[in-house]
Amino acid sequence: MENVTHVIDFYIVAFSNIFGQKVFLFPIFLSLYLICLLWNILIFVIIFMDPQLQKPMYFFLLNLSFVDVLYSSVALPKLLDIIITGYNRISFTACFTQMYFFNAFVCTEVWLLTMMSYDRYVAICFPLHYMLLMEKRKCDLLVAGCWVFGFSNSLFLTIFASRLSFCRSTHIKQIFCDMKTLITISCGDIYKLKTMILVEAWVGLCPFLLILMSYSKILANILGFSSIGQRKKAFSTCSSHLTILLIFFGTLLCMYMIPPSDHSEDSDQIFSVDKIISMLYIAVVPLLNPIVYSLRNKEVLKASKNIFFKDHLHLKF
């Protein structure tokens with residue numbers, strides 16, 4: 001029988017104790033988080049309030065903004081607290097709760113982005129049948145499926161991970177409670193969980209491939225446009241969408257397809273590769289999504305003017 005410690009608390013060692021790190025890191029992460037909240041909540045309110053935006057495309061965008069706020073809020077507030085106070089203890093229950101919701105929201109976002117690419121494919125390649133193919137009930141079911149699958153999949157993974165025994169260390173050298181990092185400090189038989197994570201990562205390629213298929217058909221259709229201006233505008237939109245998708249899926253796949261190193265817990269680097277990748281999809285992608293998908297959209301900008309400057313325009317005239 002192994003000498004296994006029953007863990008009550010973990011310690012998130014996000015960054016090394018370097019002099020002045022609070023002055024350097026706290027404003028950066030706080031700014032990223034506040035801008036992320038502001039922009040995504042703004043998009044959510046605009047789409048929710050404007051009757052002209054009650055379309056399938058904006059219904060997906062509304063859900064994307066909502067999930068971006070949620071999954072960045074799962075990790076960043078705790079990280080900010082650790083940076084400013086230095087108190088990095090987190091209970092076993094809180095750690096696995098954080099991991100559960102983070103995985104659930106990220107998985108939901110993966111499928112939401114897939115549904116959004118399908119929506120754009122139908123809109124551009126079958127414009128005359130768009131409202132029939134993307135009618136409200138179907139969109140409701142697609143979005144509900146994204147949320148249900150995200151939370152169900154995360155529940156399965158979290159229950160499996162909660163059965164791990166921790167006898168090597170209680171120090172999590174990551175910026176949040178991450179399943180891959182927990183494996184490096186666990187003991188006993190972790191082969192099944194490692195295999196499960198790799199399988200999940202490979203399964204994660206399916207929505208990514210579906211997105212690439214959708215955009216390849218979109219780009220092929222764009223080449224048939226007679227107007228050069230239309231082509232440039234469409235290519236610009238598609239390229240910006242694909243850039244965000246590549247960052248999001250690329251960081252996730254790199255994070256979870258590379259097997260955890262048995263010595264990764266011995267690293268004291270302030271910015272390890274895993275931490276940099278985590279920061280990209282926790283703080284950067286939720287910040288860029290509103291810019292790429294919404295704030296560059298003329299209908300959203302017009303709706304924002306109508307909502308926030310309506311009273312001013314009435315007074316002027």
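Treat the numbers as computed from the prediction; the structure is a model and nothing was measured. Scope of the values below: all heavy atoms of this structure, side chains included, with no hydrogens, waters or symmetry mates. All residue numbers in this chain count up from 1 along the given sequence.
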CD1 on Ile175 to CD1 on Ile12, rounded to 0.5 Å
9.5 Å

Of all heavy-atom pairs between Ile172 and Cys177, which one has the smallest distance, and what is that distance?
CD1-SG, 3.8 Å

If we only count heavy atoms from C-beta on, is the Leu37 to Ser73 side-chain gap below 4.5 Å?
yes

Kindly give the heavy-atom pair with the smallest separation between Val285 and Ile244, and that separation in Å.
CG1-CG2, 4.5 Å

Atom CG in Asp119, atom NZ in Lys138: separation rounded to 0.5 Å?
11.5 Å

Treat each ILVMFWY residue as a node, draw an edge where side-chain heavy atoms are under 4.5 Å apart, and state whether Leu155 and Leu70 are in one component.
yes

Derivation of the side-chain contact (heavy atoms from CB on, under 4.5 Å) call for Leu61 and Met116:
CA-CA 8 Å; Leu61 283 174; Met116 288 170 65; 3.4 Å; yes

Shortest non-hydrogen pair, Leu287 vs Trp39, comes out as O-CE3, 3.5 Å

For Ile124 and Asn221, the nearest pair of non-hydrogen atoms, with its separation, is O-OD1, 3.4 Å

Shared hydrophobic cluster for Val69 and Ile291 (ILVMFWY, side-chain gaps under 4.5 Å):
yes

Angle between ring planes, Phe151 versus Phe101, binned at 30° and 60°: parallel, tilted or perpendicular?
perpendicular

Sorted by first residue and then second, give each side chain to side chain donor-acceptor pair (under 3.5 Å) pair with at least one member in residues 87-100; sequence neighbours left out.
Tyr11-Arg89

Is there a side-chain contact between Ser117 and Tyr215, using heavy atoms and a 4.5 Å cut-off?
yes

Is Ile159 reachable from Phe149 through a run of I, L, V, M, F, W or Y residues, each pair having side-chain heavy atoms under 4.5 Å apart?
yes

Single hit among Leu34, Ile84, Leu76, Ile282 for side-chain contact (heavy atoms from CB on, under 4.5 Å) with Phe29:
Leu76

Using the six-membered ring wherever Trp is involved, compare the ring planes of Phe48 and Phe44 and label them parallel, tilted or perpendicular (cut-offs 30° and 60°).
parallel

Is any side-chain heavy atom of Ile247 less than 4.5 Å from a side-chain heavy atom of Val284?
no

Does a side-chain heavy-atom distance below 4.5 Å link Phe59 with Met134?
no

Leu133 side, atom CG; Cys125 side, atom SG - distance, nearest 0.5 Å
11.5 Å

List, one per line, each side-chain donor-acceptor pair under 3.5 Å for residues 108-115, sequence neighbours excluded.
{"unit_1": "Thr108", "atom_1": "OG1", "unit_2": "Ala104", "atom_2": "O", "d": "2.7"}
{"unit_1": "Glu109", "atom_1": "OE2", "unit_2": "Asn289", "atom_2": "ND2", "d": "3.1"}
{"unit_1": "Thr114", "atom_1": "OG1", "unit_2": "Val110", "atom_2": "O", "d": "2.9"}

Taking the side chain as every heavy atom from C-beta outward, state whether Tyr33 and Pro77 have any atom pair closer than 4.5 Å.
yes

Ser65 side, atom OG; Ile43 side, atom CD1 - distance, nearest 0.5 Å
5.5 Å

Pairs satisfying salt bridge (charged side-chain N to carboxylate O under 4.0 Å, His left out), at least one member in residues 201-211, at least two apart:
none

Can you pull the side chain to side chain donor-acceptor pair (under 3.5 Å) pairs that have at least one residue in residues 144-153, sequence neighbours excluded?
Asn63-Trp147, Asn153-Glu200

For residues 52-77, which residue pairs pass the salt bridge (charged side-chain N to carboxylate O under 4.0 Å, His left out) check, not counting sequence neighbours?
Lys55-Glu299

Does Phe176 form a side-chain contact (heavy atoms from CB on, under 4.5 Å) with Val74? I'd like the steps, not just the answer.
CA-CA 9 Å; Phe176 67 103; Val74 168; over 6 Å; no

What's the shortest heavy-atom distance between Met179 and Asn103, and which atoms?
CE-ND2, 3.9 Å

If we check side-chain contact (heavy atoms from CB on, under 4.5 Å) with Met99, which of these qualifies: Asp178, Leu157, Thr181, Leu182?
Leu182

If hydrophobic clusters are built from ILVMFWY residues whose side chains come within less than 4.5 Å, do Val148 and Leu62 share one?
no

Leu64 side, atom CG; Cys146 side, atom SG - distance, nearest 0.5 Å:
10.5 Å

If hydrophobic clusters are built from ILVMFWY residues whose side chains come within less than 4.5 Å, do Leu80 and Ile28 share one?
yes

Hey, what's the ring geometry for Phe249 with Phe208, parallel, tilted or perpendicular (30° and 60° as the breaks)?
tilted

Backbone N/O of Ile46 and side chain of Asp50: donor-acceptor pair under 3.5 Å:
no

With ring pair (Phe, Tyr, Trp, His ring centres under 6.0 Å) as the rule and sequence neighbours excluded, what pairs involving residues 114-144 come up?
Tyr121-Phe126

Contact between Val106 and Phe248 at the side-chain level, heavy atoms closer than 4.5 Å - yes or no?
yes

d(Ile90 CD1, Asp81 CG) to nearest 0.5 Å is 10.0 Å

